[in-house]
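The next block holds one structure in the form of structure tokens; read it before the comments.
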Amino acid sequence: MSMPFYVAPEQQMKDKADYARKGIARGRSAVVLQYEGGILMVADNMSRTLHKISEIYDRIGFAAVGRYPEFENLRLMGVRFADVRGYQFDRRDVSGRQLANIYAQTLGTVFSESLKPWEVEIVVAEVGDTAADDEIYRITFDGSIVDEQGFVAVGGSSEHVSTQLKDRFAADAPLSAALNSATHALAHENGEERELEATNLEVAVLERDRQHRKFRRIHGSRLTSLIAEGKRGTSENASGDGNSTEDEADE
């Protein structure tokens, strides 16, 4: 008679965490950061239809990395929660903190009770009336939640990306400069520089001064011109003159 196979709980949790991290590391990273007009969200994503960045509610955005079907389930769950709460109470009663807590509880339950953890890492961002009111939450595969300040990178190489972003981040930067900082950080994701074109990027903003729904995607010629403007600003600053200016994003 064979003995039942036993795995210590600590080893089970470690194995699950390793599994989730490896899955997340297969994909490209994403960054979320403040700029002078609100919050900028940028993902390394060549797909035009499978979004890593989405709107959840009026002032709240969602960015994710990892397995698309899993984080898409989380996005839909967040949209449903926000719609119901906003309908039952008031639209201003829907907050990024509530959503982040729900996501953390869901991922924590899956991680502890299921054989296979979800291979996802997500960010919930809420733009406030002032920069001091902005909120950025990172939620990891095991349900851990962190209240980030200023910027955050998620994904398998997020430490590399965060290091690059930290050197260039300024909360009051114009949009083109903030986008340049984000793309520079993503281009150095694996410790070696890649060239990121507009077709490689998924970009959106939560615009503080925009009425009602703050979320807006930036793509096409507008994105191309913002990238070019950011590069010009970087080279001009390096030579000691010139200032880049911010333009509004596409409708």
Side-chain angles (χ1 to χ4, degrees), residues 30-43 51-65 70-110 118 120-140 143-154 169-175 178-179 182 202-219 222 226 246-251:
V31 295
V32 177
L33 63 158
Q34 289 180 299
Y35 75 103
E36 70 175 3
I39 296 175
L40 170 65
M41 312 175 87
V42 185
H51 294 304
K52 290 183 175 182
I53 295 169
S54 300
E55 179 184 37
I56 295 288
Y57 209 56
D58 297 352
R59 295 167 288 124
I60 302 168
F62 173 94
V65 293
E70 292 173 351
F71 67 67
E72 177 65 3
N73 275 338
L74 291 169
R75 182 190 72 82
L76 289 170
M77 185 180 79
V79 170
R80 290 189 196 106
F81 168 83
D83 280 345
V84 170
R85 186 169 182 85
Y87 178 76
Q88 288 181 331
F89 299 97
D90 184 87
R91 297 188 77 86
R92 298 288 295 187
D93 287 333
V94 180
S95 74
R97 183 177 303 161
Q98 292 167 348
L99 282 158
N101 284 329
I102 287 171
Y103 286 144
Q105 290 167 12
T106 302
L107 286 170
T109 300
V110 170
W118 281 7
V120 297
E121 194 169 5
I122 63 177
V123 176
V124 173
E126 178 178 354
V127 67
D129 294 331
T130 68
D133 299 321
D134 291 345
E135 296 178 5
I136 301 173
Y137 300 99
R138 176 168 61 97
I139 305 101
T140 56
S144 299
I145 181 170
V146 181
D147 181 4
E148 301 285 355
Q149 302 299 314
F151 67 89
V152 63
V154 289
F169 171 73
D172 59 350
L175 181 56
L179 179 60
E202 182 180 359
V203 181
V205 288
L206 291 166
E207 279 188 323
R208 198 180 320 284
D209 294 335
R210 186 174 167 86
Q211 294 298 310
H212 307 301
R213 293 169 62 179
K214 309 290 188 180
F215 184 90
R216 187 190 297 189
R217 293 192 182 277
I218 304 174
H219 46 73
R222 187 72 204 97
L226 273 172
E246 181 190 359
D247 290 311
E248 291 299 315
D250 274 337
E251 287 289 352

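FYI, side chains are in, hydrogens and waters are out, and symmetry mates aren't considered; it's all heavy atoms of this structure.
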Can you find a heavy atom in the side chain of [X] that is under 4.5 Å from one in the side chain of [Y]?
X	Y	answer
Leu175	Ile218	yes
Lys214	Tyr57	no
Thr140	Leu107	no
Arg59	Arg92	yes

Please report the closest heavy-atom contact between [X] and [Y], naming both atoms and the distance.
X	Y	value
Ala104	Ile139	CA-CG2, 3.7 Å
Arg138	Val154	CD-CG1, 3.5 Å
Ile122	Ala64	CG2-CB, 3.6 Å
Ala178	Tyr35	CB-CB, 3.6 Å
Val32	Ala125	CG1-CB, 4.1 Å
Ala204	Ile53	CB-CG2, 3.8 Å

**OP:** Take Asp147 and Arg97 through the test salt bridge (charged side-chain N to carboxylate O under 4.0 Å, His left out) and record every step on the way to the result.
**Re:** CA-CA 9 Å; Asp147 181 4; Arg97 183 177 303 161; 5.9 Å; no
If I take atom [atom1] from residue [X] and atom [atom2] from residue [Y], how far apart are they, to the nearest 0.5 angstrom?
X	Y	atom1	atom2	value
Arg85	Ser95	CZ	OG	7.5 Å
Leu179	Leu226	CG	CG	6.0 Å
Leu206	Met41	CG	CE	6.0 Å
Glu72	His51	CD	NE2	9.5 Å
Met77	Thr106	CE	OG1	3.5 Å
Asp83	Arg80	CG	CZ	10.0 Å

Given 3.5 Å as the limit, does a donor-acceptor pair link the side chain of [X] with the main chain of [Y], or not?
X	Y	value
Arg75	Ile56	no
Asp58	His212	no
Lys52	Ala63	no

Original post:
Checking salt bridge (charged side-chain N to carboxylate O under 4.0 Å, His left out) for the pair Glu202/Arg217: CA distance, chi angles, key distance, verdict?
Top reply: CA-CA 8 Å; Glu202 182 180 359; Arg217 293 192 182 277; 2.9 Å; yes
**OP:** Report the C-alpha separation of Gln34 and Phe169 in whole Å, then their side-chain angles, then the decisive distance to 0.1 Å, and conclude whether the side chain to side chain contact (heavy atoms under 4.5 Å, CB included) test is met.
**Re:** CA-CA 9 Å; Gln34 289 180 299; Phe169 171 73; 4.3 Å; yes
Subject >> side chain to side chain contact (heavy atoms under 4.5 Å, CB included) assessment of Gln88 paired with Asp93 >> reply: CA-CA 10 Å; Gln88 288 181 331; Asp93 287 333; over 6 Å; no
**OP:** Apply the ring pair (Phe, Tyr, Trp, His ring centres under 6.0 Å) test between Tyr103 and each candidate in Phe62, Phe81, Trp118; give the one that qualifies.
**Re:** Phe62
**OP:** Could you point out which residue of Val146, Val123, Val127, Leu33 forms a side chain to side chain contact (heavy atoms under 4.5 Å, CB included) with Ile136?
**Re:** Val123
